[in-house]
Structures are given as C-alpha cells and as structure tokens.
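Throughout, protein chains are lettered first and strands after them, A, B, ... in sequence-line order, and every chain is numbered starting at 1. Please read all numbers here as calculations on a predicted model, not as lab measurements.
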There are 2 protein chains.
Amino acid sequence: MYCYMKRDSRLSGVLHVLLHMAEQPGPHTSETLALAMNTNPVVVRRIMAGLREQGFLRSQKGHGGGWTIACDFSRTTLRDIYEALGEPEILAMGNRTETPGCLVEQAVNAALGSAFDAAEAMLLTRFGEVTLADLSADFHVRMAGHTTPPTLENEHGA
Amino acid sequence: MYCYMKRDSRLSGVLHVLLHMAEQPGPHTSETLALAMNTNPVVVRRIMAGLREQGFLRSQKGHGGGWTIACDFSRTTLRDIYEALGEPEILAMGNRTETPGCLVEQAVNAALGSAFDAAEAMLLTRFGEVTLADLSADFHVRMAGHTTPPTLENEHGA
DNA sequence: TTTCATGTAACAATACATGTTGCGTGATGG
DNA sequence: CCATCACGCAACATGTATTGTTACATGAAA
C-alpha cells in the first residue's frame with residue numbers, strides 16, 4: 001500500500017508509538033509497532049534506529065525480543081526525539097542560493113533567511129519545552145471518562 | 001539541465017526578480033527574467049501568473065511586451081507575494097493523521113500541532129512586516145561602495 | 001504579414017520518501 | 001543442536017511532486 005506523505009510525519013509517528021509503548025510493559029516487536037504507525041516493520045526499525053543509538057530505546061533480537069524504552073520520560077523532550085531522528089528538515093521553503101554574488105539576492109536572502117531561522121529556532125525551542133511525560137500526562141487526562149483503555153491492538157485495527 | 005530543489009525557492013526567486021525589475025525601467029521578458037532565476041521562460045510565467053492575477057504585475061504580449069511592476073513597493077509585503085504564489089507549504093513536517101480516533105495520537109497532535117501553527121504564524125507575521133521597499137532599500141545600502149551597478153545581465157551571466 | 005512575447009496544455013526527467021524483499025545475525029526454547 | 005523469532009541492513013521497487021521542456025494558440029507591434 002503506497003501512500004506518499006506530503007509532509008514528513010516521522011516525529012509524529014514515533015511519538016505516538018513511544019506513548020503506546022509506555023502504556024504496556026515488556027518488549028514490543030517492530031511488527032506490532034508497525035500496525036500502530038500504519039507502516040511495516042522495516043520502516044519502524046529504520047525510524048527507531050536513531051533513538052536506539054542515542055540511548056532512548058533498546059532493541060533485542062530473538063525470542064521475546066523487541067523494543068524497550070530506555071529513557072526517563074520526564075527528562076526527554078520532543079527536541080531530543082527530533083534530534084535522534086536525524087534533525088529532519090523543518091521548513092519546506094528556503095533561499096534559492098546560499099551564498100549569492102548578486103547583491104539583490106543577498107538582500108533577499110538576508111530578509112528571508114532571518115525569518116526562516118527565527119521560525120526554526122522557535123519551533124525547536126518549543127520542542128525543547130515539552131517532555132514525553134507531558135505528552136503522556138495529557139493523554140491520561142484525555143483518557144479520563146473513557147471506559148476502555150486504548151492499546152496498540154484495539155485502537156489500530158491490529 | 002534538471003536540478004531538483006529540496007526546498008521550495010519560488011518566493012526567494014520571485015523576490016529576486018522583482019527587485020531587479022525595479023532597477024531598470026520598461027517591460028522585462030520572461031526570457032530575460034529566466035536567466036536571473038536560472039530557469040526557463042515557461043517556469044517564470046508559471047510562477048509569476050499569480051502575481052499578475054493579484055495585480056502586482058502586468059504582462060503584455062507582442063513586440064516590446066513583457067512584465068511590468070504594477071504595485072507600490074512600499075505597500076506590498078513579502079506576505080502579499082507569498083499569498084500570490086498560492087501560499088506554498090511552509091513546514092516540511094506535519095502530523096501523521098489530522099483527526100485521529102486514538103487518544104494517544106490526539107495528545108501528540110495537540111502538542112506538535114500547536115507548535116507547528118505557532119511557527120507558521122510567526123513566519124507569516126514577519127513576512128507581513130517586510131515590504132518590497134524595505135528589501136530594495138537594503139539592497140541599495142549593500143550597493144554603496146560597489147562601482148558597477150548590478151543588472152540582470154552582468155550579474156547572472158546572461 | 002511577419003515577428004515577438006505571453007498563455008496554456010501536455011509531456012519528460014529527476015529526486016525523494018516510502019514500501020518491499022531478502023538474507024544475515026543473534027537470542028531463546030525445546 | 002536445531003527451529004523459531006526478531007532485529008540489522010542492504011538492495012530494489014513504487015508512487016508522487018516538482019521542475020524542465022516542447023508545442024501550439026493568441027494577441028500586439030512594427
């Protein structure tokens with residue numbers, strides 16, 4: 001099932017999966033997580049490899065293996081996760097030329113560039129202010145009032 | 001010469017061209033402008049069509065035809081131009097699902113979405129604060145000290 | 001009426017992200 | 001010791017958007 005995404009949703013997807021993992025103990029296989037991300041196991045491993053390298057996750061092979069959370073949710077921010085993903089491009093727009101000789105273009109680049117940089121910096125700052133624990137807490141607030149606790153299985157048609 | 005750009009540089013390119021046009025009177029052909037944008041005439045027309053529809057530019061066919069500025073630089077902001085381009089996507093990232101049933105994903109979307117919206121809003125605000133006249137003025141400041149005034153021809157290898 | 005320039009549609013080429021397959025590696029359990 | 005399970009990784013396939021390119025119609029000026 002090919003489904004081209006206009007905007008990169010890896011951060012969104014990985015956060016989703018991390019919160020789900022926190023709700024249930026034990027290792028989670030790539031296959032299980034793939035269902036929650038509507039993708040396949042290889043893509044999951046690809047995306048989560050960076051988180052493992054940065055020590056936010058652990059993975060284990062063989063029987064009973066899978067992915068385990070290895071970080072403190074209250075000390076891990078969205079920015080940490082963003083960086084572990086390899087700092088994907090934030091803006092879809094940019095300057096035509098990085099170091100133009102043309103003075104006109106230098107003026108354009110200066111104006112646009114500073115605006116772009118400010119927007120990026122602002123987003124990263126906000127990311128740095130939100131921890132995974134914050135997200136999880138928000139989730140639990142939303143869950144208050146609901147009867148059946150959502151799991152990877154019943155919410156994502158596994 | 002195929003040259004795929006990772007980030008959309010139409011705004012950057014169009015601003016560049018507009019400032020150049022302001023430096024020299026008379027209509028400018030798509031072909032001339034294409035040289036400054038390192039592309040070809042059809043692409044130029046495509047990009048500038050929106051600016052014509054919004055009344056920022058006029059175009060004329062036939063002998064002596066071409067593109068003419070039809071707006072007041074001191075009253076036209078980068079945001080106006082951005083909108084005339086069709087409001088291209090600003091962010092390269094986004095939420096995986098817009099209206100998820102999963103409460104976990106709702107929590108993720110809320111956090112990420114508000115950050116995304118804030119960044120976009122900030123960029124648009126900054127765009128709205130800069131006029132084409134500001135850019136042009138900055139260009140003229142940069143030009144002080146340089147001997148040969150840059151034209152479409154001598155700066156872009158026409 | 002010839003030339004020039006835009007307007008537009010259709011088509012081609014490219015880059016990229018994602019999906020997919022296959023095989024290697026290590027760990028577990030019988 | 002062997003079968004199974006799950007990750008690791010590389011290679012390949014597919015789908016999509018963007019950009020470049022070609023072709024032709026339209027209208028204006030010399």
Side-chain angles (χ1 to χ4, degrees), chain A residues 1-14 17 21 26-53 57-70 85-94 96-97, chain B residues 1-14 17 21 26-53 57-70 85-94 96-97:
Chain A
M1 181 232 298
Y2 282 97
C3 167
Y4 186 85
M5 301 290 179
K6 188 159 55 177
R7 295 161 81 172
D8 182 352
S9 62
R10 282 177 297 164
L11 180 58
S12 170
V14 126
V17 157
M21 289 173 71
H28 302 264
T29 67
S30 303
E31 196 172 343
T32 306
L33 301 178
L35 291 170
M37 285 182 71
N38 266 313
T39 181
N40 73 54
V42 180
V43 175
V44 170
R45 293 187 194 114
R46 202 138 69 189
I47 293 177
M48 315 232 305
L51 303 213
R52 181 187 54 231
E53 281 159 23
L57 291 175
R58 248 193 307 270
S59 64
Q60 206 157 13
K61 295 180 176 179
H63 256 292
W67 297 87
T68 323
I69 292 172
L85 281 179
E87 309 192 0
E89 205 74 48
I90 291 177
L91 295 176
M93 313 175 54
R96 218 176 54 89
T97 315
Chain B
M1 181 235 294
Y2 282 97
C3 167
Y4 186 86
M5 299 291 179
K6 186 160 53 178
R7 294 161 81 170
D8 183 352
S9 62
R10 282 178 297 165
L11 180 59
S12 171
V14 135
V17 157
M21 289 173 71
H28 302 264
T29 68
S30 302
E31 196 172 343
T32 306
L33 301 178
L35 291 170
M37 285 181 71
N38 267 312
T39 180
N40 72 55
V42 179
V43 175
V44 170
R45 293 187 195 114
R46 202 140 67 190
I47 293 176
M48 314 232 305
L51 303 212
R52 181 188 54 230
E53 281 157 25
L57 292 176
R58 248 193 306 272
S59 64
Q60 206 157 14
K61 297 180 175 181
H63 256 293
W67 297 86
T68 322
I69 292 171
L85 281 180
E87 310 192 359
E89 204 75 47
I90 291 176
L91 295 176
M93 311 175 55
R96 217 175 56 88
T97 315

Would you indicate whether the side-chain heavy atoms of Val43(A) and Asn40(A) approach each other to under 4.5 Å? yes
Near DNA chain C, under 4.0 Å by heavy atom, which residues of residues 39-47 of chain B? Val42(B), Arg45(B), Arg46(B)
Nearest whole Å is fine: how far is dT28(C) P from His63(A) NE2? 10 Å
Do the side chains of His28(A) and Val17(A) get nearer than 4.5 Å, heavy atoms only? no
Toward the 5' end of DNA chain D, which comes first, Gly64(A) or Ala49(A), by nearest nucleotide? Gly64(A)
Using only heavy-atom distances, determine whether the side chains of Ser9(A) and Ser12(A) contain a donor-acceptor pair under 3.5 Å. no
Close side-chain approach of Asp8(B) and Glu89(B), heavy atoms under 4.5 Å: no
Under 4.5 Å between any side-chain heavy atoms of Leu57(A) and Thr68(A), yes or no? no
Starting at atom CE of Met37(A), determine the distance to atom C1' of dA17(C), rounded to an integer number of angstrom. 13 Å
Hey, could you give me the CD/CZ distance between Glu31(B) and Arg45(B), rounded to the nearest 0.5 Å? 8.5 Å
Tell me: CH2 of Trp67(B) to P of dA5(C), nearest whole Å? 14 Å
Select base, sugar-phosphate, or nothing to describe what Gly66(A) touches, counting heavy atoms under 4.0 Å on all strands. sugar-phosphate
Whole-Å distance between dT6(C) P and Glu31(B) CD? 8 Å
Integer-rounded Å distance: dC23(C) C1' and Lys61(A) NZ: 12 Å
Under 4.5 Å between any side-chain heavy atoms of Pro88(B) and Arg10(B), yes or no? yes
Taken to the nearest whole Å, CD/Glu89(B) to C1'/dA17(C) is 16 Å
In this structure, how many angstroms lie between the P atom of dG8(D) and the CD atom of Gln60(A), rounded? 11 Å
Between Gly65(A) and Glu53(A), the residue closer to the 5' end of DNA chain D by nearest nucleotide is Gly65(A)
Using OP1 and OP2 only, check whether a side-chain N or O of Ser59(A) sits under 4.0 Å from dA6(D). no
Could you tell me how far apart Arg58(B) (CZ) and dG7(C) (P) are, to the nearest whole angstrom? 13 Å
From the candidates dA5(C), dT25(C), dT19(D), the one with an atom nearest any side-chain atom of Thr29(B) is dA5(C)
